[in-house]
Amino acid sequence: MDRLKDKVAIITGAAGGICHKTSELFVQEGAKVVMVDIDPQVQDFCAEIVKNGGQAIAFTADVAQRDTWVMLQEKTVEAFGTIDIVVNGAAAFSPPTHDWAYITSEMIEEVFRVNIDSMLYSYQTVLRYMMRNKIRGCFLNFSSSTGLAYNGAAVQGYPFSKVCIKLATQNMVNQVSKKYGIRFNCLAPNYVWVPKSAPVWEMYGEHFKEVTPMPYTGMPEDAAWAVVYLCSDEAKYINGVCLPVDGGWYVEK
């Protein structure tokens, strides 16, 4: 119950399945949480956590804007006194195409704006705050199975961005960790059921089951518990990894 006791975490994409569950588990493990999402439902999820005795606040905001991160840093410190953890879970998708002849830069740019810019701005604000204040915190970014190997995800901005996130995470280890003791890791989920993807599961659920070595496909808590571990002191010597959470899918590739 105390794996994250007294830690303060900013979690983006907190109205989505994995990061909503991550927020719940962080509070359960003793953390104080700032939940952020462009979807106003994040306010309802936060209210439920607070109702159940957790310490959490929520903001409806676009994390692909630098000003949002300036605000998050200020409001988090104002509310909870410090920042120890950032979980960059917000993500955008793009219309897929299996043919290079039809992909356009517009299909990629919006995805990169959310997936890459949000991570970059978290570094330029919260990371600098940690460095100034000598906080040995950690960043947990979301790559994907699509960033590790081809999983049938078509040609689109999403897998391209997830490759970039993996490499950018590992690059920060070399730039920052030696001097400041701040850790940077990635999670790489595969097919995980979340409420917002219900229509996709109606169409492809059987396929997901067929290509997953485990006898079931993942749920949000399967990924969220991995986030808890990587952000806890249990993982204080784990740095620069990209951990697949996929039921063994990557092993078969």
Side-chain angles (χ1 to χ4, degrees), residues 2-14 18-19 22-23 25-27 29-37 46 54-59 61-91 114-143 164-187 224 226-243:
D2 292 330
R3 297 169 73 187
L4 297 169
K5 185 177 180 181
D6 298 327
K7 300 291 187 183
V8 176
I10 297 174
I11 302 176
T12 73
I18 293 176
C19 285
T22 296
S23 301
L25 294 182
F26 267 47
V27 169
E29 295 298 327
K32 303 167 186 175
V33 172
V34 177
M35 302 170 64
V36 193
D37 204 294
C46 180
Q55 295 189 66
I57 57 176
F59 296 96
D62 181 359
V63 292
Q65 300 290 332
R66 190 180 190 281
D67 288 348
T68 294
W69 282 99
V70 172
M71 178 274 292
L72 290 174
Q73 177 196 311
E74 293 174 350
K75 295 295 186 182
T76 302
V77 174
E78 180 183 305
F80 297 130
T82 189
I83 309 170
D84 302 290
I85 300 166
V86 174
V87 177
N88 279 313
V114 176
N115 297 1
I116 304 298
D117 289 1
S118 59
M119 178 181 64
L120 174 63
Y121 293 143
S122 76
Y123 291 162
Q124 293 177 349
T125 53
V126 179
L127 175 58
R128 286 177 174 169
Y129 167 84
M130 290 181 180
M131 293 162 68
R132 286 195 307 270
N133 291 278
K134 299 180 180 179
I135 298 168
R136 291 197 168 189
C138 67
F139 284 73
L140 192 286
N141 301 320
F142 271 69
S143 184
C164 290
I165 288 170
K166 175 181 178 291
L167 295 178
T169 300
Q170 294 169 336
N171 179 267
M172 294 304 290
V173 171
N174 287 289
Q175 288 197 42
V176 176
S177 294
K178 183 76 171 180
K179 184 174 181 180
Y180 294 98
I182 298 170
R183 298 186 296 118
F184 302 84
N185 290 302
C186 270
L187 207 68
V227 178
V228 170
Y229 169 66
L230 288 173
C231 292
S232 74
D233 289 341
E234 297 167 15
K236 61 185 172 63
Y237 204 58
I238 296 177
N239 196 20
V241 306
C242 188
L243 177 66

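None of these values were measured; they are calculated from a predicted model. Numbers here are sequence positions counted from 1.
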Worksheet item: Among Asn88, Asn141, Thr12, which residue meets the side chain to side chain donor-acceptor pair (under 3.5 Å) test with Ser122?
Response: Asn88
Nearest 0.5 angstrom please: [X] [atom1] to [Y] [atom2], how far?
X	Y	atom1	atom2	value
Thr22	Glu29	OG1	CD	12.0 Å
Gln73	Gln124	CD	CD	12.0 Å
Tyr229	Leu243	OH	CG	9.0 Å
Leu120	Arg66	CG	CZ	9.0 Å
Ile83	Lys75	CD1	NZ	13.0 Å
Thr76	Met71	OG1	CE	8.0 Å

Worksheet entry | Steps toward side-chain contact (heavy atoms from CB on, under 4.5 Å) verdict (Leu72, Val36) | CA-CA 9 Å; Leu72 290 174; Val36 193; 3.6 Å; yes
Would a 4.5 Å heavy-atom cut-off, applied to side chains only, mark [X] and [Y] as touching?
X	Y	value
Ser143	Thr169	no
Phe142	Ile165	no
Tyr121	Thr68	no
Leu4	Ile85	yes
Val126	Trp69	yes
Leu230	Leu187	yes
Tyr129	Thr82	yes

Contact summary for [X] and [Y], nearest pair of heavy atoms:
X	Y	value
Ala64	Asp117	O-CB, 4.2 Å
Ala14	Ile11	CB-O, 3.6 Å
Asn115	Ala91	OD1-CA, 3.1 Å
Val87	Cys19	CG1-SG, 4.3 Å
Arg136	Gly181	CB-O, 3.7 Å
Ile18	Ala224	O-CB, 3.9 Å

Fill in: Partners passing side chain to side chain contact (heavy atoms under 4.5 Å, CB included) against Asp6 (at least two apart in sequence or in another chain)
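Asp6 satisfies side chain to side chain contact (heavy atoms under 4.5 Å, CB included) with no other residue.
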Worksheet item: In terms of ring plane angle, is the pair Tyr123 and Phe184 parallel, tilted or perpendicular, where the classes change at 30° and 60°?
Response: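 The rings of Tyr123 and Phe184 stand perpendicular, inter-plane angle above 60°.
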Worksheet item: Which salt bridge (charged side-chain N to carboxylate O under 4.0 Å, His left out) pairs, counting each pair once, include a residue from residues 227-242, with sequence neighbours left out?
Response: Arg3-Glu234, Lys7-Asp233
Worksheet item: Under the 3.5 angstrom rule, does the side chain of Asn133 hit a backbone N or O of Ile135 as a donor-acceptor pair?
Response: no
Discussion item. Whether the side chain of Asp84 engages the backbone of Gly137 through a donor-acceptor N/O pair (distance < 3.5 Å, no angle test) should be reported.
Written reply: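 Such a contact is absent between Asp84 side chain and Gly137 backbone.
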Practice prompt. Any pair with a residue in residues 176-187 that passes side chain to side chain donor-acceptor pair (under 3.5 Å), sequence neighbours left out, goes on the list, sorted by first then second residue, please.
Written response: Ser177-Asn239
